[in-house]
Participant: 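So that we are looking at the same thing, I have put the structure below in structure tokens.
Remember, predicted model here, so these are calculated numbers, not experimental data. Throughout, residue positions are numbered sequentially from 1 according to the sequence presented.
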Amino acid sequence: MISSRLVTGTLVSIAGTLAVTVAGSPVPALADQHSTVSAVPASGTPQLAPNGTVEQVRQIVQCGSRMYAVGSFTRISQGGTVFTRRNAFSFKATAPFTVTNWRPGVNGEVNTIAFRRGHCASAYLGGSFTRVHGRRATNIVKVNTTTGAVRRRFARHAGRTVETIVVHGRHVLTGGFFKSINGSGRNYYASLNSRTGRDDRYLRLSISGHYNYPGVIGNRTRIYNQQLSPSGRRLLVEGDFTRVHGTHREQIFMLSLRLHRARVTRWRSTEFYRHCSVSEPFYIQAASWSPDNSTVYVAATGFEPAVTSRNDPRTGLCDAASAFSSANRRVHHKWINYTGCDSLFSTAADSSTAYFGGHERWADNPNGCNAAGPGALSAPGMVGLSPANGSVIFNPTRSRGLGADDMLRTSHGLWIASDNFFADKTGSDRCGGVPGHSGICFLPNT
């Protein structure tokens, strides 16, 4: 899940995601639909230990009684102890959140981690790396979650960066920048057998195209993020492309996960085809599902529309949270909530709230750009919106940093993955106003 982010006017390029992402098992851990989450984070969760460099948790998932976090980091602090962990670690999902001995020792950034549903003994990792646990593995690998050792039967070579992995049954759905993976010439998106890592032809989609309009920066075709529906029958896919299986699709499409082959659905919107800033051509980087599968929530970067003045009211999806019907047809947004030219990178939802995270400063800000317009609400780092109309209903705040790269709603609460970038004067480790949550914050159910 590579992203390029505008932070206080400076372009920061994060190598190697989301996600959005974003799904660690074929069916996401379902939240208690009668619970809401607290604005006060749980104490004792692991955090990035300071080491003088910008580090980041890219994705966080749950399998069984453990949480698994991946990204670009070297040291983790928990309970007063500092642990050396290279780009992947695990810890207990409930208090006291003890860090485990799992150390796969990945020598480069890990963008994504996934599991087969109910099979927590092995994890699939994707990113930008060449060695794992002392063995050669290029950008994709399957590892033992007890010892960290490489599962040798699973092939482990992707030609370029892997951004996202979701497992559906025995299909390891893998996306990224690659043009070949484990001996297959499948471009950007492939389904791999969960045992061998070889192309099982469940995905035959022919991804192509990238954004090309006046003044736009260079951008490359990729599959960036995926989110499985709560039913396990449909999949959202985000990336930089213009055609999928011969059909016009830009930024996001939906798959129907059938028995023998995934197929592109008729779900689409002309709103996904509009251009944002020439510096951020690919802007729909994350999405989430409502628990009843009926609504898709979209988190977007993009700064501002490409053809309007900064003083004009916001239009389109650039730097905004939005909601769409998931119906199998052409759709239009249900609502849009604008940040005022600040990026959103992640989203998650339960029945009461649609959560969004990024490095935003405001919500309800359609008439401001890099400033609070009339009626804008201060909502730094994350916000919770009403599924019905997009109004702000939950506003705990969070240190902005580079931005919240991932959100995961489980049966116990809301997990937020972020970074330690010092982008504001209050520090980079606050969540709900409480310090000590650099990289990981957990808002438990009330």
Participant: Would you say the side chain of Glu238 lies within less than 4.5 Å of the side chain of Gln285, judging by non-hydrogen atoms?
Facilitator: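 No - every pair of side-chain heavy atoms lies 4.5 Å or more apart.
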Participant: Test Met382 against every option in Thr397, Leu414, Asn395 by the side chain to side chain contact (heavy atoms under 4.5 Å, CB included) rule and name the one that passes.
Facilitator: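 Result: among Thr397, Leu414, Asn395, Leu414 is the only option passing the side chain to side chain contact (heavy atoms under 4.5 Å, CB included) with Met382.
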Participant: Would you say Arg75 and Asn51 are linked by a side-chain donor-acceptor pair, where the criterion is simply a distance under 3.5 Å?
Facilitator: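 Distance-only check fails for Asn51 and Arg75.
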Participant: Report yes if the distance between the aromatic ring centroids of His359 and Phe345 is under 6.0 Å, otherwise no.
Facilitator: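 Yes, close enough.
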Participant: Around atom CZ of Arg204, are there more than 12 heavy atoms from other residues, nucleotides or ligands closer than 6.0 Å?
Facilitator: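 Buried by this count: over 12 neighbours within 6.0 Å.
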Participant: Atom OG1 of Thr161 and atom CZ of Arg220: how far apart are they, to the nearest 0.5 Å?
Facilitator: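 Answer rounded to 0.5 Å: 7.5 Å.
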Participant: Check for a donor-acceptor pair, side chain of Ser326 on one end and backbone N or O of Ser294 on the other, with a separation under 3.5 Å.
Facilitator: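 Checked: pair present.
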Participant: Yes or no on side-chain contact (heavy atoms from CB on, under 4.5 Å) for Tyr283 and Leu317, after CA distance, side-chain angles and deciding distance?
Facilitator: CA-CA 9 Å; Tyr283 56 89; Leu317 305 180; 4.1 Å; yes
Participant: Counting distance only, does the side-chain N/O of Ser256 pair as donor-acceptor with the main-chain N or O of Thr265 below 3.5 Å?
Facilitator: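 Pair absent, no side-chain N/O of Ser256 close to backbone of Thr265.
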Participant: Quick check for you: to the nearest 0.5 Å, what is the distance between Asp429 atom CG and Asp419 atom CG?
Facilitator: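 Taking CG in Asp429 and CG in Asp419, the distance rounds to 11.0 Å.
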Participant: Which distance, rounded to the nearest 0.5 Å, do you find between the CZ of Arg261 and the CZ of Arg263?
Facilitator: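 So the CZ of Arg261 and the CZ of Arg263 are separated by 5.0 Å.
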Participant: Got a second to check how far Tyr68's OH is from Ile60's CD1, nearest 0.5 Å?
Facilitator: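 These two atoms lie 12.0 Å from each other.
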Participant: Can you tell me if Ser38 and Thr446 form a side-chain donor-acceptor pair at under 3.5 Å?
Facilitator: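 On atom types as modelled, these side chains do not qualify, holding no pair under 3.5 Å.
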Participant: Could you walk me through whether Thr112 and Gln59 pass the side chain to side chain donor-acceptor pair (under 3.5 Å) check?
Facilitator: CA-CA 6 Å; Thr112 182; Gln59 187 179 32; 3.1 Å; yes
Participant: Could you please spell out the steps behind the side-chain contact (heavy atoms from CB on, under 4.5 Å) verdict for Asn337 and Asp364?
Facilitator: CA-CA 6 Å; Asn337 191 309; Asp364 290 351; 2.6 Å; yes
Participant: Any sub-3.5 Å donor-acceptor pair from Asn107's side-chain atoms to Thr130's backbone N or O?
Facilitator: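 Flag set: sc Asn107 to bb Thr130 pair under 3.5 Å.
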Participant: How about Tyr273 and His248: are their ring centroids closer than 6.0 Å?
Facilitator: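 Under 6.0 Å, so yes.
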Participant: So, do Thr100 and Arg66 sit near enough that their side-chain heavy atoms are less than 4.5 Å apart?
Facilitator: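 Touching, per the 4.5 Å side-chain cut-off.
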Participant: What is the ring orientation for Phe97 with Phe442, classed by angle as parallel under 30°, tilted 30 to 60°, or perpendicular over 60°?
Facilitator: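 Perpendicular: the ring planes of Phe97 and Phe442 meet at over 60°.
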Participant: Are side-chain heavy atoms of His168 and Tyr202 found at a separation under 4.5 Å?
Facilitator: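 The answer is yes; the side chains approach within 4.5 Å.
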Participant: So which heavy atom on Ser231 is nearest to which on Asn293, and how close?
Facilitator: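 Looking at all heavy atoms of both residues, the shortest contact is N-OD1, 3.1 Å.
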Participant: Show the numbers, then the answer: is there a side-chain contact (heavy atoms from CB on, under 4.5 Å) between Leu385 and Trp335?
Facilitator: CA-CA 10 Å; Leu385 305 180; Trp335 50 256; 3.7 Å; yes
Participant: Are Leu192 and Ile140 close enough that some pair of their side-chain heavy atoms sits under 4.5 Å apart?
Facilitator: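 The answer is yes; the side chains approach within 4.5 Å.
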Participant: Side chains of Gln78 and Thr98: do they bring a donor and an acceptor to under 3.5 Å?
Facilitator: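 No, no side-chain donor-acceptor pair sits under 3.5 Å.
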Participant: Going through the checks in order, is the side-chain contact (heavy atoms from CB on, under 4.5 Å) test met by Cys63 and Met67?
Facilitator: CA-CA 6 Å; Cys63 195; Met67 304 302 299; over 6 Å; no
Participant: Does Ser72 form a side chain to side chain donor-acceptor pair (under 3.5 Å) with Glu55? I'd like the steps, not just the answer.
Facilitator: CA-CA 6 Å; Ser72 56; Glu55 296 188 328; over 6 Å; no
Participant: State, yes or no, whether a side-chain contact exists between Phe282 and Tyr211 at a heavy-atom distance under 4.5 Å.
Facilitator: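 When only atoms from C-beta onward are counted, Tyr211 and Phe282 do touch, with a gap below 4.5 Å.
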Participant: Compute whether any side-chain donor of one residue and acceptor of the other, for Arg361 and Asn370, lie under 3.5 angstrom apart.
Facilitator: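 Their side chains do contain a donor-acceptor pair, which is all the 3.5 Å distance test asks for.
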Participant: Can you confirm if the aromatic rings of Phe89 and Phe91 lie within a centre distance of less than 6.0 Å?
Facilitator: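 Yes, the ring of Phe91 comes within the 6.0 Å limit of the ring of Phe89, centre to centre.
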Participant: Are a donor atom and an acceptor atom from the side chains of Asp405 and Ser346 found within less than 3.5 Å of each other?
Facilitator: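 Side chains of Asp405 and Ser346: no pair found under 3.5 Å.
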Participant: Under a 3.5 Å cutoff, is there a donor and acceptor pairing between the side chains of Ser288 and Gln227?
Facilitator: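 No - no donor-acceptor pair under 3.5 Å links their side chains.
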Participant: Taking the SG atom of each, are Cys431 and Cys441 under 2.5 Å apart?
Facilitator: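 Looking at Cys441 and Cys431, their sulfur gamma atoms lie closer than 2.5 Å, so the answer is yes.
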Participant: Going through the checks in order, is the side chain to side chain donor-acceptor pair (under 3.5 Å) test met by Ser65 and Lys92?
Facilitator: CA-CA 6 Å; Ser65 61; Lys92 188 177 179 183; over 6 Å; no
Participant: Could you point out which residue of Phe253, Tyr188, Phe241 forms a side chain to side chain contact (heavy atoms under 4.5 Å, CB included) with Leu205?
Facilitator: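 It is Phe253; the other options fail the test.
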Participant: Do you know the tightest heavy-atom contact between Pro281 and Val216?
Facilitator: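 Scanning both residues completely, I find the closest heavy atoms to be CB-CG2, 3.5 Å.
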Participant: Would a 4.5 Å heavy-atom cut-off, applied to side chains only, mark Thr94 and His412 as touching?
Facilitator: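 Answer yes - side chains close enough.
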Participant: Taking the side chain as C-beta and beyond, is there a heavy-atom pair between Thr53 and Phe73 under 4.5 Å?
Facilitator: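 Thr53 vs Phe73: side chains apart.
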Participant: To the nearest 0.5 Å, what is the distance between OH (Tyr355) and CG (Leu408)?
Facilitator: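 These two atoms lie 12.0 Å from each other.
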Participant: Just how far is it from atom CZ of Phe356 to atom CG of Leu344, taken to the nearest 0.5 Å?
Facilitator: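 Answer for the CZ-CG pair, Phe356 versus Leu344, is 7.5 Å.
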Participant: Does a side chain donor of either Tyr224 or Gln251 reach within less than 3.5 Å of an acceptor in the other side chain?
Facilitator: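 Tyr224 vs Gln251: no donor-acceptor pair found between side chains.
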Participant: Is there a side-chain contact between Leu255 and Leu203 in this structure, where contact means two heavy atoms from C-beta onward sitting under 4.5 Å apart?
Facilitator: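 In short, these two side chains touch, coming nearer than 4.5 Å.
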Participant: Under 3.5 Å, is there a donor-acceptor pair between the side chain of Asn139 and the main chain of Phe129?
Facilitator: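 Yes, the answer is positive, given that a donor and an acceptor are paired below the 3.5 Å cut-off.
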